[in-house]
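None of the values given here were measured: they were computed from a predicted structure. So that the names make sense, note that chain A is the first sequence line, chain B the second, and so on, each numbered from 1.
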Amino acid sequence: VATATNVAGTAQQAVVRTRRAAVPRSVFISWAALAFMTTSSVASLRAAPTMAVYGLASVFLLVIPAIIFLVPTSLVSAELASGWSGGVYKWVAEGISPKLGFVAVWCQFALTITYYPSLLAYVASTLAYVFDPGLAGNGVYTAIMIIAVYWLAVLLSSRGLKAIAGAASGGLWIGTLIPGAVLVILGIVFLTQGNHSAAPMDTHHLLPVWAGISSLVLIVNNFLSYAGMEMNAVHVSELENPARDFPKAIFLAMGLVLMIFIFPALAISWVVPAHALSLTSGVMQAFDAFFAHFGVSFLTPLFGVALVAASLGGMLTWLAGPSKGLLLISRSEGYLPPYFQKLNAQGIQQNILVAQGVVTSVIALLYAFIPDVSSTYWIFSVITTQVYMIMYLLMFVAAARLRRTQPDQARGYKAPFLVPLCVVGFLASLAALIIGFIPPSQFGHSSFLAYFAIVGGGLFVLGLLIPYLLLRFRKPSWKMQEVSQ
Amino acid sequence: VTTSPDIHAVSHRDHLVTYTILALIITAVAVAGLLRFSYQQRSEEAEQKAAQLQQLWTQLGLTSTLSRSSLVRLYGTDGGAVCDTSSRTLSQALLRTALANGAAGPGQRPVVVDRQVVAGERAVVQVYCPENLGDFDEFANNLKYSHVAFDG
């Protein structure tokens, strides 16, 4: 009787596991939609005023990192995605080991933990600029905006990848491509009217001013402007022909990202002098100054809403990407409890998003109401970008190894000079990791050792200790065999 | 288990509904923004303050291509958003985040900035809301600077 009961119990558990592991049938998205998702996750006009400060040298500051970091990241991820579905966890799992595959996708996921509160605080301040600038300093308003918008985004994400792709593409057009084109056209009009550019545009200003280590910090940190190009590769199986379509998507995204970063920043630097780009009230002040020159201030609130739409579109892609990678490896290797592996009817990892939402809500409250948290929040972005660099280091090693260990694996796209590309990308990522330990302006004149300890400690806890603990305490029974519906 | 073909048709309709709702929300917020945005009005006081700001920028060696009428549209008589936010902790937290590299996504990371990034704004505070100058200076003096954008 006992044996019969055990058999029945085991069979019931298997049924439960199979039900949990059920995956709804894929809905295909086009390669152009994936390109727009990739572009909106990396680029927007948010950074244009920041780069406009450097005038013509902003081209150098964006092109050199593109050659050293954007090109290797994009080409390498294009080859990997055209050969293996599943994104970075799969590449690193196949190329190095499943455990390091989990570490890689965890590092990608960890980047987003502190990103949402800071992105949504920016969204709140941008909307405040339009409706009532004083609200930007109001804790209650900021907390409500961060929490409400995050959960609305989760609700939208739960409707499936096609909804996310549509919203992200729409956000990119409404909030980045069209407004970017408006800025560039107005900038050209400004110059053709015979006005002198606010920032010198001669050959003497092609290179940034050299200020030693500070300039190095600026140049190397700009590698991170292109962070996330590989993130949407996790959706490669949602393309009809992944091997052919993903490389097309990544090449289109590369071109769009470069255009979005370079030309609007240049246009702003032609019209608005660097010292008038007041950033306290958010980047909107720069756009306001730009439109004030042309007497078209009515464009300022429209731009504000457009920038918010672009930010939310980009946020949706980050909600859908790393969490899916975490889900996929957790299902195949049993790295997360079954509760977090559950999918909704649209195939979205809703429980991971809800758990992340709880963390985001707590962080939002701390950010909005505790001045010490908000004033030191920037340091979390340093720590999480450091953690992200671990993912890139693993990705480049995995790519080079896979060329050697699995040369016969069918790849829809083979990156030219893959190994040298991996070496350049690896060294660029390592440089960004090392330069992350140099204190920025925000740390003032405090001790370098204190900064090193904070960033190093954060990197250790978030990038190594937490994934180690998750691996250490996983249970074999958490592993799930997927059943496609 | 196979999925019924109807599911995709319904799903497509659902997506159209979702996009329509999103488009309506964005349009409504944009229209509300157009109506609620605080457009600065021309006045003698606004002209005087704009002239004062231009003079102060020149004294500081900050050459400006912005015309006086542009400054009137931007700052009016009360300094606009700069004075609304320059002394607030949360706004200063946003500035700390914005003093960063060229990333627009989660790759945003702080860098060492040029003093001119805050010098122009300090002048605006000085002219339009001098009562905030103490808070602004306390914030700005705690930052470390380097000549990364302009020759020293």
Side-chain angles (χ1 to χ4, degrees), chain A residues 25 41-44 46-47 51 53-54 111 115 118 125 129-131 133-134 136-137 142 162-163 166 198 209 211 214-215 217-218 221-222 224-225 227-228 273-276 278-281 285 288-289 292-293 297 301-302 305 309 371 374-375 377-378 381-382 385 440-442 444-445 485, chain B residues 1 3 14-15 18-19 22 26 29-30 33-34 36-37 39 57 62 64-66 70 73-74 81-82 84-86 88-113 116-117 119-121 124 142-151:
Chain A
R25 197 175 65 183
S41 57
V42 174
S44 79
R46 181 185 177 188
M51 291 312 289
V53 168
Y54 303 99
L111 179 73
Y115 174 55
S118 72
S125 79
Y129 193 94
V130 173
F131 290 99
T142 304
K162 207 162 174 89
V209 176
S214 300
S215 294
V217 168
L218 179 66
N221 274 337
N222 262 353
L224 286 156
S225 301
H275 58 268
S278 315
L279 297 173
T280 311
S281 37
Q285 187 74 25
D288 205 0
H293 171 83
S297 293
L302 294 181
V305 177
S374 57
S375 59
Y377 200 78
W378 58 270
S381 68
V382 177
T385 48
S441 283
Q442 291 84 334
H445 301 281
Q485 284 183 349
Chain B
V1 181
T3 320
D14 277 358
H15 288 141
T18 306
Y19 299 150
L22 286 176
I26 290 170
V29 176
L34 276 172
R36 279 282 293 151
F37 185 65
Y39 301 97
W57 275 349
L62 307 172
S64 177
T65 49
L66 283 179
S70 299
R73 281 189 213 108
L74 191 58
V82 172
D84 277 324
T85 56
S86 55
R88 308 283 185 95
T89 311
L90 270 177
S91 300
Q92 290 178 353
L94 279 171
L95 176 58
R96 283 194 184 90
T97 312
L99 300 176
N101 60 355
Q108 196 178 48
R109 189 191 248 191
V111 295
V112 183
V113 296
Q116 280 207 27
V117 171
E121 187 165 1
V124 177
N142 280 327
L143 298 172
K144 181 178 74 179
Y145 302 99
S146 183
H147 296 293
V148 287
F150 307 94
D151 285 318

- Query: Going through the checks in order, is the side-chain hydrogen bond (donor to acceptor under 3.5 Å, both in side chains) test met by B:Arg73 and A:Ser297?
  - Reply: CA-CA 8 Å; B:Arg73 281 189 213 108; A:Ser297 293; 5.4 Å; no

- Checking A:Tyr377 against chain B: side chain, backbone, both or neither under 4.5 Å from a heavy atom? neither

- Query: chain B heavy atoms under 4.5 Å from A:Val130: which part of the residue, side chain, backbone, both or neither?
  - Reply: both

Do you know the tightest heavy-atom contact between [X] and [Y]?
X	Y	answer
B:Ala30	A:Leu302	CB-CD2, 4.0 Å
B:Val112	A:Ser441	CA-OG, 3.4 Å
A:Trp378	B:Pro110	CE3-CG, 3.5 Å

So, [X] side chain and [Y] main chain: donor-acceptor pair closer than 3.5 Å or not?
X	Y	answer
A:Asn222	B:Gly102	yes
A:Gln442	B:Leu99	yes
B:Asn101	A:Asn221	yes

Enter the distance from [X]:[atom1] to [Y]:[atom2] here, rounded to the nearest 0.5 Å.
X	Y	atom1	atom2	result
A:Arg46	B:Gln108	CZ	CD	4.5 Å
A:Thr142	B:Leu90	OG1	CG	5.0 Å
A:His275	B:Leu66	NE2	CG	7.0 Å
A:Ser215	B:His147	OG	NE2	11.0 Å

Picking from [options], which has the most non-hydrogen pairs under 4.5 angstrom with chain A?
options	answer
B:Ala100, B:Ala119, B:Ser146, B:Gly105	B:Gly105
B:Pro106, B:Gly33, B:Ala93	B:Pro106
B:Asn142, B:Val113, B:Thr97	B:Val113
B:Leu34, B:Thr18, B:Ile26, B:Leu22	B:Leu34

With chain B as the partner, which of [options] has the greatest number of non-hydrogen pairs under 4.5 Å?
options	value
A:Ala309, A:Gly137, A:Ser118	A:Gly137
A:Ala227, A:Gly228, A:Ala289, A:Ser41	A:Ala289
A:Pro301, A:Pro133, A:Gly444	A:Pro301
A:Ala292, A:Ala47, A:Gly166	A:Ala292
A:Ser214, A:Ser44, A:Ala43, A:Ser381	A:Ser214
A:Val217, A:Val42, A:Thr385	A:Thr385

- Query: Mind checking what makes ring-ring contact (aromatic ring centres under 6.0 Å, His included) contact with B:Phe37, not counting sequence neighbours?
  - Reply: B:Tyr39

[X] versus [Y]: any side-chain heavy-atom pair under 4.5 Å?
X	Y	result
B:Ser91	A:Ser125	no
A:Ser374	B:Thr89	yes
A:Ser375	B:Gln92	no

